[in-house]
Protein chains: 2
Amino acid sequence: MALEHAILVSLSERAASGLDLTRRFDKSIGYFWTASHQQIYRTLSRMEKDGWVRSEVVAQQGRPDKKVYDVTAAGREELGRWLAAPTPAQPLRSELMVKFRAASYGDREQVLDLARAKLAEHRDLLALYEGIEQRDFPKPDGLAGRELDMYLVLRGGVRMEQFWIDWLTEYLDAHTRAHTKDER
Amino acid sequence: MALEHAILVSLSERAASGLDLTRRFDKSIGYFWTASHQQIYRTLSRMEKDGWVRSEVVAQQGRPDKKVYDVTAAGREELGRWLAAPTPAQPLRSELMVKFRAASYGDREQVLDLARAKLAEHRDLLALYEGIEQRDFPKPDGLAGRELDMYLVLRGGVRMEQFWIDWLTEYLDAHTRAHTKDER
DNA sequence: CTCCGCATGTAAGCTGTTACATGATTCA
DNA sequence: TGAATCATGTAACAGCTTACATGCGGAG
């Protein structure tokens, strides 16, 4: 029930069409909340029916018309209500952890390869986030308000990737040690 | 498509009824993959139809009969196949991060209260995981095989909770500093 | 004239959640 | 007698994914 609210947040930052939103959910806000264009169009329709957003058809030159959505007063009210409501605990769901736990029921070497692949993925993501951090927030000390919010969420992404890298490294090291011990 | 596989893992460790599995998904394996009893019963039926598990009705004294499920050869094969298959990147989905980014569109003080509540939740979870770690793996150095797998997944849980605590602390500190600066 | 990007959708199917249902036994 | 636990489900709905559909304009 949170896609509506993620859309309200994104539209509060700036009015947008369905495709604009789709692109935002492919980066920026998409780093911590993903959605496909099908979901977005469907949800926008429902939100307009509910009066949380309104749309205006905008003609473009050399391109098809687009419907630009904007948050209404009712939408702003709903956003404020949701922001203050308690956030239910979102249990961790990690396919990788299930696989790691199950490694002894299959080919362990292939599971270790999966771990190495994930480690590379997370290193790439960390580099991406750190690049954004250095480009957009070179001096974080003076930040406040909306910019501070953006910065701190990005910091969450950086720390999250660092967590994966550290844990996967511990995992691979431990299994390497256990393996060499077997060999002796 | 991973609940089937989580069930295969759990049944590989030990045969179980639907209710047994439901209880396991409330702790141990449930710390990184959750499922309700409705999901479990529905999925077990499908898996039996597909030949991945077989069931045996076991009479009990003073209790209703139960259906105990067991992994078949086809199920073990499927588990091995799944274990070796690449794991798709699972994008992060955090309602809390959406709220943090949106704090300026609502009552910031209430968002800070949410952050404090989450911090307390994650401290409790960390204490739980560290308790299990000390109780079940007091000397992790000699571990190998299945036990090492269990230990390392638990370490993932510990590190994950540590991540949340560190980040939420950074978040609260940064906003406290920004706030006191406004006051001056 | 074909392919690509823009722009908006529909439809089918699977997964997950919420609510309801049944029948037995044990304990207060 | 009434509540709690054991044990297994059904039904309805909401959410998400995958595939398909349409039509316009510009580039090569």
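Chain naming here is simple, since letters A, B, ... match the order of the sequence lines and numbering starts at 1 in each.
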Review point. Given A/Phe163 and B/Trp164, is the ring-ring contact (aromatic ring centres under 6.0 Å, His included) satisfied, shown in steps?
Key: CA-CA 10 Å; A/Phe163 147 76; B/Trp164 283 109; 9.7 Å; no
Point to revise | Rounded distance (nearest 0.5 Å) linking atom CZ of A/Arg24 with atom CG of A/Leu11 | key: 6.5 Å
Exercise for review: Of all the heavy-atom pairs spanning B/Met47 and B/Glu4, show the shortest one and how long it is.
Suggested key: CE-O, 3.4 Å
Study note, to complete from the structure: The first and last nucleotides of DNA chain D lying within contact of chain B, meaning any atom under 4.0 Å from one of its heavy atoms, run from D/dC6 to D/dC16
Exercise for review: Could you tell me the separation between the OH atom of B/Tyr41 and the P atom of C/dT17, rounded to a whole number of Å?
Suggested key: 17 Å
Practice item. May I ask you to decide if A/Pro138's main-chain N or O and A/Gln134's side chain share a donor-acceptor pair within less than 3.5 Å? Key: no
Revision key, fill the gap. Using a 4.5 Å side-chain heavy-atom cut-off and chaining through intermediate ILVMFWY residues, the residues clustered with B/Val57 come out as none
May I have the list of side-chain donor-acceptor pairs in residues 119-126 of chain A shorter than 3.5 Å, sequence neighbours left out?
from: A/Glu121; atom 1: OE1; to: A/Lys118; atom 2: NZ; distance (Å): 3.3
from: A/His122; atom 1: ND1; to: A/Glu161; atom 2: OE1; distance (Å): 2.5

Review point. Do the ring centers of A/Trp82 and B/Tyr105 come within less than 6.0 Å of each other?
Key: no
Check your understanding: Is there a side-chain polar atom (N or O) of B/Arg46 under 4.0 Å from OP1 or OP2 of C/dT15?
Key -> yes
Review point. Given atom CD of A/Glu48 and atom C1' of C/dT8, what is their separation to the nearest angstrom?
Key: 13 Å
Exercise for review: Let me know the distance between CD of A/Gln60 and C1' of C/dG5, rounded to the nearest Å.
Suggested key: 12 Å
**Study point:** Nearest-0.5 Å distance that lies between atom CG in B/Leu21 and atom NE2 in B/His37
**Key:** 13.0 Å
Exercise for review: Please tell me which of the listed nucleotides, C/dT15, C/dT8, C/dT10, lies nearest to the side chain of A/Gln38?
Suggested key: C/dT10
Check your understanding: By salt bridge (Lys or Arg N to Asp or Glu O under 4.0 Å), which residues pair with A/Asp107, not counting sequence neighbours?
Key -> none
Exercise for review: Can you see which heavy atom on B/Val98 is nearest to which on A/Ala6, and at what distance?
Suggested key: CG1-CA, 4.0 Å
**Study point:** Sorted by number, the residues of residues 8-35 of chain A with heavy-atom contact under 4.0 Å to DNA chain D
**Key:** none
**Study point:** Sub-4.0 Å heavy-atom contacts from residues 74-99 of chain A onto DNA chain D, ordered by number
**Key:** none
Check your understanding: Between CZ of B/Arg93 and CD of A/Gln90, what distance do you get to the nearest 0.5 Å?
Key -> 9.5 Å
Check your understanding: Taking atom C1' of C/dC14 as reference, at what distance in whole Å does atom CD of B/Gln39 sit?
Key -> 11 Å
Review point. Starting at the 5' end of DNA chain D, which residue's closest nucleotide do you reach first, B/Arg42 or A/Arg42?
Key: B/Arg42
Practice item. Output the single nucleotide from C/dT8, C/dT18, C/dC6 whose closest atom is nearest the side chain of B/Ser36. Key: C/dT18
